[in-house]
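Working notes, beginning with the structure itself.
Note that the structure is predicted; figures quoted are calculated from it, not measured. Nothing fancy with the numbering, it's 1 onward along the sequence.
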Amino acid sequence: GVPRLRGLRVDDARRTSLPVERKFLEAFLGALSAPECPPDLCVRGVCLYSSSVNEEEVRALGACRYPSIRTLDLRLYPNQVITFFEGMNSADKGSKYEMLDLHLCFEENANQGLRLVGEAIERGHFCCVRKLGINTIGFAGWEEEENIEEGKSVLFSSLKSNKTSHAF
């Protein structure tokens, strides 16, 4: 049978900052989405790196489709940011994380990514965000190649809204 867990802490389980191997992550997320998963299970301390998660999992994490995960530290590559926020912005107003630390890395499509972050804030999806890191270092000339004024405007305007009063 399936153990009747009510809570599970996974932080510091590996005591390393290396990404989780695919087979372990697939088994873990598969167990959380299985019908046998206890509906009252609360998993805290999950830290996922961009190299560990595939596109489907990134979208599902954005939409909170693993309701047992209550706290999440997520680090995303540039090609995953848009997928994550498309999932988040299409999600119902239902379950949300208790706490979400997001570390976003932008390369191309920074304008679209910043705009999606702003839209997520406007829709009230950021009440659970404790930390937001935006990294553009190491991409020389990215501002010259893409006009990001629109994305920055949407992001900074959304930060003035009341929907972020509990975030950051």
Side-chain angles (χ1 to χ4, degrees), residues 2-3 5-110 112-121 123-139 155 164 166-168:
V2 177
L5 291 174
R6 289 183 187 238
L8 174 65
R9 288 204 66 88
V10 295
D11 56 337
D12 296 325
R14 293 175 42 97
R15 299 209 182 270
T16 179
S17 61
L18 297 173
V20 175
E21 288 184 44
R22 279 294 313 154
K23 64 182 178 181
F24 298 123
L25 184 63
E26 286 174 5
F28 178 65
L29 294 177
L32 292 181
S33 57
E36 301 85 14
C37 182
D40 56 348
L41 176 65
C42 293
V43 181
R44 293 184 171 84
V46 177
C47 182
L48 298 175
Y49 289 81
S50 41
S51 58
S52 300
V53 289
N54 65 32
E55 184 175 353
E56 180 184 328
E57 293 160 347
V58 168
R59 188 177 310 279
L61 288 164
C64 294
R65 287 196 204 122
Y66 301 104
S68 295
I69 298 178
R70 304 313 304 148
T71 66
L72 176 64
D73 182 343
L74 185 61
R75 298 157 193 274
L76 297 173
Y77 282 146
N79 63 327
Q80 297 171 314
V81 172
I82 291 171
T83 302
F84 178 82
F85 281 102
E86 286 173 347
M88 180 179 271
N89 288 335
S90 69
D92 297 334
K93 294 286 186 194
S95 72
K96 300 284 179 262
Y97 299 107
E98 290 173 7
M99 185 194 72
L100 178 62
D101 292 349
L102 274 177
H103 307 274
L104 311 175
C105 187
F106 288 106
E107 201 170 56
E108 66 250 5
N109 298 328
Q112 181 183 9
L114 291 171
R115 193 171 57 249
L116 286 168
V117 173
E119 289 172 10
I121 293 170
R123 292 176 184 212
H125 292 297
F126 259 55
C127 293
C128 61
V129 175
R130 182 180 71 153
K131 293 181 185 176
L132 176 63
I134 296 178
N135 183 4
T136 59
I137 298 172
F139 305 112
L155 173 62
T164 59
H166 299 293
F168 311 107

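Tested against L104, the residues V81, N135, L74 include a single side chain to side chain contact (heavy atoms under 4.5 Å, CB included) partner, V81.
Across every non-hydrogen atom of A60 and Y66, the tightest pair is CB-CE1, 3.6 Å. Here the closest non-hydrogen pair linking A31 and C37 is O-CB, 3.4 Å. When all heavy atoms of L61 and F84 are compared, the pair lying nearest together is C-CE1, 3.8 Å.
How far CD1 of I134 is from CG of L155: 5.5 Å, rounded to the nearest 0.5 Å. Note that CG of L76 is 9.0 Å distant from OG1 of T83, once rounded to the nearest 0.5 Å. Taken to the nearest 0.5 Å, the CZ atom of R70 stands 9.0 Å off from the SG atom of C128. In this structure, CG in N89 is found 5.5 Å from NE2 in H125, a value given to the nearest 0.5 Å. In this structure, the separation between CZ on R59 and CG on N54 is 11.0 Å, given to the nearest 0.5 Å. The CD atom of E26 sits 11.0 Å away from atom OG of S52, with the distance rounded to the nearest 0.5 Å.
Partners of R115 according to the salt bridge (Lys or Arg N to Asp or Glu O under 4.0 Å) rule, which considers only residues two or more places apart in sequence or in another chain, are E150. Applying the salt bridge (Lys or Arg N to Asp or Glu O under 4.0 Å) rule to E57 yields the partners R22; only residues at least two apart in sequence or on another chain are considered. For E56, there are no salt bridge (Lys or Arg N to Asp or Glu O under 4.0 Å) partners, not counting sequence neighbours.
Inter-residue side-chain proximity for V43 and L41 is flagged as met; some heavy-atom pair is nearer than 4.5 Å. Put simply, the side chain of L114 does not reach to within 4.5 Å of the side chain of L116, judged on heavy atoms. In this structure the side chain of R130 never reaches within 4.5 angstrom of the side chain of L100, judged on heavy atoms. Taking 4.5 Å as the limit, every side-chain heavy atom of L72 sits out of range of all side-chain heavy atoms of D101. Side-chain contact check for L102 versus F85: some heavy-atom pair is nearer than 4.5 Å. Using a 4.5 Å cut-off on side-chain heavy atoms (C-beta onward), M88 and F126 make contact.
Within the structure, the side chain to side chain donor-acceptor pair (under 3.5 Å) test picks out the following pairs touching residues 73-82 (sequence neighbours left out): D73-R75, D73-H103.
For T71 (side chain) and G45 (main-chain N/O), a donor-acceptor pair under 3.5 Å exists by modelled atom type.
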